[in-house]
Amino acid sequence: MSAKRRSKSAPPDGMPIYRLLTGPDDAAFCHRVSEAIALGYVLYGSPSVTFNGNEVIAAQALVWPTLRHALAKAKA
């Protein structure tokens with residue numbers, strides 16, 4: 001996967017414009033978030049973590065930049 005950010009009006013391969021990645025708080029989760037950023041997604045809000053009794057579970061929302069701009073305009 002290229003580390004170069006892509007500038008498109010829609011995510012590649014029919015992916016959704018909003019994604020919520022969840023999983024154990026480990027290197028694999030961090031790599032999944034990094035891969036989404038490399039595709040062109042941007043972080044949306046702060047990460048969230050919880051403990052399920054066995055391990056820490058992390059969540060991170062990401063949006064495609066066109067959605068982020070639309071949300072910013074709606075708040076203005």
Side-chain angles (χ1 to χ4, degrees):
M1 184 170 318
S2 171
K4 226 176 161 182
R5 296 189 118 200
R6 299 177 185 166
S7 176
K8 294 183 182 179
S9 62
D13 303 323
M15 296 177 84
I17 58 174
Y18 173 85
R19 297 178 66 188
L20 179 63
L21 301 181
T22 62
D25 187 19
D26 57 13
F29 177 78
C30 294
H31 286 290
R32 288 174 50 217
V33 173
S34 296
E35 288 172 357
I37 291 169
L39 282 173
Y41 284 89
V42 292
L43 298 176
Y44 187 73
S46 299
S48 182
V49 294
T50 190
F51 184 68
N52 69 2
N54 295 319
E55 58 191 349
V56 175
I57 302 297
Q60 177 63 60
L62 299 110
V63 295
W64 195 250
T66 54
L67 177 61
R68 184 175 180 173
H69 295 305
L71 292 171
K73 284 182 182 178
K75 289 181 180 178

_Sub-4.5 Å side-chain heavy-atom contact between Leu43 and Gln60_ = yes
*State whether the side chain of Asn52 and the backbone N or O of Asn54 hold a donor-acceptor pair below 3.5 Å, judged by distance alone.*
yes
*asked:* Is there a side-chain contact between Asp26 and Glu55 in this structure, where contact means two heavy atoms from C-beta onward sitting under 4.5 Å apart?
replied: no
*What's the spacing between Leu62 CG and Arg32 CZ if we round to 0.5 Å?*
10.0 Å
_Common cluster, Val33/Val56, ILVMFWY with side-chain heavy-atom separation under 4.5 Å_ = no
*Hey, any chance Leu21 and Ile57 share a hydrophobic cluster, counting ILVMFWY side chains that come within less than 4.5 Å of each other, even indirectly?*
no
*Please report the shortest heavy-atom distance between Phe29 and Ala58, naming the atom on each side.*
CE2-CB, 3.6 Å
*Please report the closest heavy-atom contact between Pro11 and Pro16, naming both atoms and the distance.*
CG-O, 3.6 Å
*4.5 Å side-chain heavy-atom contact, Val63 and Val42*: yes
*Shortest non-hydrogen separation from Leu39 to Trp64 and the atoms involved*: O-CH2, 3.3 Å
_I need the Asp25 CG to Phe51 CZ distance, nearest 0.5 Å._
12.0 Å
_Exercise: identify the closest heavy-atom pair between Leu20 and Ala61_ = CD1-N, 3.8 Å
